[in-house]
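All of these numbers come straight from a predicted model, not from anything done at the bench.
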Amino acid sequence: QVQLVESGGGLVQAGGSLRLSCAASGTIAGINVMAWYRQAPGKQRELVAEITSIRSGGNTHYADFVRGRFTISRDNGKNTVYLQMNSLKREDTAVYYCYTNFGDDYWGQGTQVTVSS
């Protein structure tokens, strides 16, 4: 079992920044890919960014709509993955979810990000 707990969401003006955190606990040794997804009202959940383990090269992948603005990183010592979000736009408003697949799909509870104009 893996537990994922997100934090760091909130209300920010367009052009501002937020940093989301996702703390993983439980049976986490060996977890490879960790990712951030988001879901806006009335829309499907979509991948924002993902990162592999250091052992797998720490490779990152970004959705086109955030590339150059968002940065995903992970601190293995703290079992935490981060999403630094800069130059936020109104269309980034969504609930952001942390995700990993470690035998099963695991999701966090989500954290709301609201970007105002």
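Annotation: side chain to side chain donor-acceptor pair (under 3.5 Å) contacts involving residues 62-72, sequence neighbours excluded, comprise Asp64-Arg67, Arg69-Asp92.
Hydrophobic clustering (ILVMFWY, side-chain heavy atoms < 4.5 Å, transitive): Leu11 and Leu88 are in distinct clusters. With hydrophobic clusters built from ILVMFWY side chains whose heavy atoms lie under 4.5 angstrom apart, Phe102 shares a cluster with Ile51.
Closest approach of Thr111 to Ser7, counting heavy atoms only: OG1-C, 4.4 Å. Closest heavy-atom contact between Val66 and Val48: CG2-O, 3.5 Å. Counting all heavy atoms, side chain and backbone alike, Glu6 lies closest to Gly108 at OE2-CA, 3.2 Å. Of all non-hydrogen atoms in Ser116 and Arg90, the two that sit nearest each other are C-CG, 4.3 Å. Nearest heavy atom pair, residue Val33 against residue Glu50, reads CG1-OE1, 3.8 Å.
A 4.5 Å side-chain heavy-atom check between Ile72 and Val81 finds at least one atom pair inside the cut-off. The side-chain heavy atoms of Gln112 and Thr93, taken from C-beta on, include a pair separated by under 4.5 Å.
Distance OG1/Thr80 to CE/Met34: 8.0 Å, rounded to 0.5 Å. Rounded to the nearest 0.5 Å, atoms CZ (Arg45) and CZ (Arg38) are 13.0 Å apart. Distance CG/Asn32 to CG/Asn101: 10.0 Å, rounded to 0.5 Å. Rounding to the nearest 0.5 angstrom, the gap separating the OH atom in Tyr96 from the CE atom in Met85 is 5.5 Å.
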Cut-off 3.5 Å, no hydrogens considered: what does the side-chain donor-acceptor table look like for residues 17-25, sequence neighbours left out?
| residue | atom | partner | partner atom | Å |
| --- | --- | --- | --- | --- |
| Ser17 | OG | Asn86 | OD1 | 2.9 |
| Ser25 | OG | Gln3 | OE1 | 3.4 |

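Alongside Val95, the hydrophobic cluster contains Tyr37, Leu47, Tyr97, Tyr99, Trp107 (criterion: ILVMFWY side chains under 4.5 Å).
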Would you check, one step at a time, whether the test side chain to side chain contact (heavy atoms under 4.5 Å, CB included) holds for Ile31 with Arg74? CA-CA 12 Å; Ile31 285 180; Arg74 63 195 291 173; 4.3 Å; yes
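More than 12 heavy atoms of other shown residues, nucleotides or ligands fall within 6.0 angstrom of atom CD in Glu91.
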